[in-house]
Amino acid sequence: MKLYQTACFAGAILLNIAGSLCQLNVCGQAPLNTKIVGGQAAVQGSWPWQASLHRITTGSHFCGGSLINKDWVLSAAHCFQSTASSNVKIYLGRQLQSGSNPNEISRTVIQLIIHPSYSTASQNNDIALLQLSSSVTFTDYIKPVCLAAAGSVLGGGTKSWITGWGKLNSADTQIPNILQEVQIPIVSNSVCNNDYGGIITSNMVCAGLSEGGKDSCQGDSGGPMVNKNNSQWIQSGIVSFGRDCGLPNYPGVYTRVSQYQSWISSQISSNLPGFVSFTSNDSSSGSPSLLLFSLSLTSTIIPLIFSLFVFS
């Protein structure tokens, strides 16, 4: 009996590893993303993991997300403070909020998992998982993103990409119709913490320009911040909060995905997302100087209480 139990346990581990390795073969690939310039409308299919979250009752977009395998979408916990999972429809393969989207599919949500240590006051641990009502089939327009593995390092200046349908500035009353993209550099946590008066934790990562002008904004919440390594895209952040939008010396703040590999893996029972460990310390190139595949599981939780403005 012990031998049988041991064999079953080992088999389960191998299946989980195999599932994760399979995801590494497909995640982070965007075959239609051939040219990118920051601060403009995205070419259709450029970001095939991008999700648009709508309230069913109003039919309107309220947050973003990212597809991480055929059954799960990653988003921000604060998006669901006033919206129940039963009132959410997720669109994948979408380019336009109004108009024809021939490559689009939609799913409802059968399970919403908010991080148990999420703080509404501090926005620490601002991360959530949404299980789709049925599995999706990957196409050139719908693919999962890879996730930054535990221990990944983003050096200051690393070039990162933000995508979403958030407002083009905080004074806007409408969101853009076409999916937007912008490139901004990582800001070190020490600099960002100084800018925000000491409220930035190790579960957060910041990005933006010191002069402002490029940023995520309301409606971008829950959407991905990604970094490119060769032909593979890795999600390093989730749009979380900021001081207004695009202000000088107030970079956007993102949930640091690499802090949550263990938690994400513990919530998804099979077909684990593809976790990729990388280190980027070259602020001039913005490309990871080291790329390693990793299945290590770690998570750090550091709570802090304060009031702030979120991008929902």
Side-chain angles (χ1 to χ4, degrees), residues 36-42 47 50 63-64 66 75-76 78-79 122-124 126-127 148 152-172 175-176 179-228 233-259 278 280-288 304 306-312:
I36 302 172
V37 179
Q40 66 176 25
W47 312 103
Q50 179 74 46
C63 270
S66 54
S75 191
H78 79 259
C79 288
S122 68
Q123 297 306 314
N124 202 28
D126 189 12
I127 185 170
S152 294
V153 178
L154 287 169
T158 301
K159 295 176 182 177
S160 303
W161 290 93
I162 317 299
T163 52
W165 288 273
K167 294 179 179 181
L168 299 182
N169 64 72
S170 58
D172 286 345
I175 64 169
L179 178 64
Q180 300 292 303
E181 63 186 16
V182 66
Q183 186 186 61
I184 49 178
I186 295 295
V187 176
S188 71
N189 269 34
S190 59
V191 171
C192 190
N193 204 31
N194 183 65
D195 291 338
Y196 277 93
I199 66 174
I200 304 302
T201 78
S202 61
N203 294 327
M204 302 170 185
V205 59
C206 304
L209 301 173
S210 59
E211 66 271 26
K214 291 185 177 183
D215 198 2
S216 49
C217 201
Q218 292 95 333
D220 289 321
S221 277
M225 174 172 76
V226 298
N227 303 92
K228 192 176 185 182
W233 291 92
I234 303 161
Q235 182 174 355
S236 54
I238 302 167
V239 179
S240 184
F241 71 91
R243 182 70 57 84
D244 212 333
C245 305
L247 292 182
N249 298 315
Y250 280 106
V253 184
Y254 303 79
T255 305
R256 189 183 290 267
V257 171
S258 61
Q259 294 286 77
F278 67 96
S280 174
N281 291 315
D282 186 350
S283 62
S284 61
S285 71
S287 297
L304 185 65
F306 66 102
S307 60
L308 42 79
F309 181 80
V310 295
F311 289 149
S312 58

Test your reading of the model: is there a side-chain donor-acceptor pair from Asp215 to the backbone of Leu247, 3.5 Å cut-off? no
For the residue pair Ser236 and Asn227, what are the closest heavy atoms and their distance? OG-OD1, 2.5 Å
Student check: side-chain heavy atoms of Glu181 and Gln40 closer than 4.5 Å: yes
Between atom OG of Ser216 and atom CD1 of Ile162, what is the distance when rounded to the nearest 0.5 Å? 6.0 Å
Asp195 meets the side chain to side chain donor-acceptor pair (under 3.5 Å) criterion, sequence neighbours left out, with none
Show the numbers, then the answer: is there a side chain to side chain donor-acceptor pair (under 3.5 Å) between Gln123 and Ser240? CA-CA 7 Å; Gln123 297 306 314; Ser240 184; 4.6 Å; no
Taking every non-hydrogen atom, the tightest pair across Asp172 and Lys167: O-NZ, 3.0 Å
Those residues at least two apart in sequence (or on a different chain) that pass side-chain contact (heavy atoms from CB on, under 4.5 Å) with Pro248 are none
Rounded to the nearest 0.5 Å, what separation is found between the OG atom of Ser280 and the NZ atom of Lys159? 10.5 Å
Can you name the residues that form a side chain to side chain donor-acceptor pair (under 3.5 Å) with Thr255, not counting sequence neighbours? none
Nearest atoms (heavy-atom pairs only) where Pro251 meets Val187: CB-CG2, 4.0 Å
Listed by chain and number, what are the side chain to side chain donor-acceptor pair (under 3.5 Å) partners of Ser152, not counting sequence neighbours? none
What is the distance from atom CG of Leu154 to atom OG of Ser160, rounded to the nearest 0.5 Å? 6.0 Å
Suppose we screen for side-chain contact (heavy atoms from CB on, under 4.5 Å). Which residues come up paired with Asn193, at least two apart in sequence or across chains? Ile200
Expected output: side-chain Asn169 to main-chain Cys245 donor-acceptor under 3.5 Å: no
In the structure I gave you, are the side-chain heavy atoms of Ile184 and Met225 within less than 4.5 Å of one another anywhere? no
With a 3.5 Å distance limit and no angle check, can you tell me whether Asn203 reaches the backbone of Gln259 through a side-chain donor-acceptor pair? no
Output the distance between atom CD (Gln218) and atom SG (Cys63), rounded to the nearest 0.5 Å. 11.0 Å
List for me each residue that meets side chain to side chain donor-acceptor pair (under 3.5 Å) alongside Asn249, sequence neighbours excluded, and say none if there are none. none
Which heavy-atom pair separates Asp220 from Val239 by the least distance, and what is that distance? O-CB, 3.4 Å
Taking all non-hydrogen atoms of both residues, which atom of Tyr250 and which atom of Arg243 are closest, and how far apart? OH-NH1, 3.5 Å
Is the Trp161 ring parallel, tilted or perpendicular to the Trp47 ring (thresholds 30°, 60°)? tilted
Here the gap from Ile175 atom CD1 to Cys217 atom SG, rounded to the nearest 0.5 Å, amounts to 11.5 Å
Say you draw a straight line from OG of Ser122 to CZ of Phe241; how long is it, rounded to the nearest 0.5 Å? 8.0 Å
Non-hydrogen side-chain atoms of Pro224 and Gln50 separated by less than 4.5 Å: yes
Note: Tyr254 and Gly237 closest approach over all heavy atoms is CB-CA, 4.1 Å
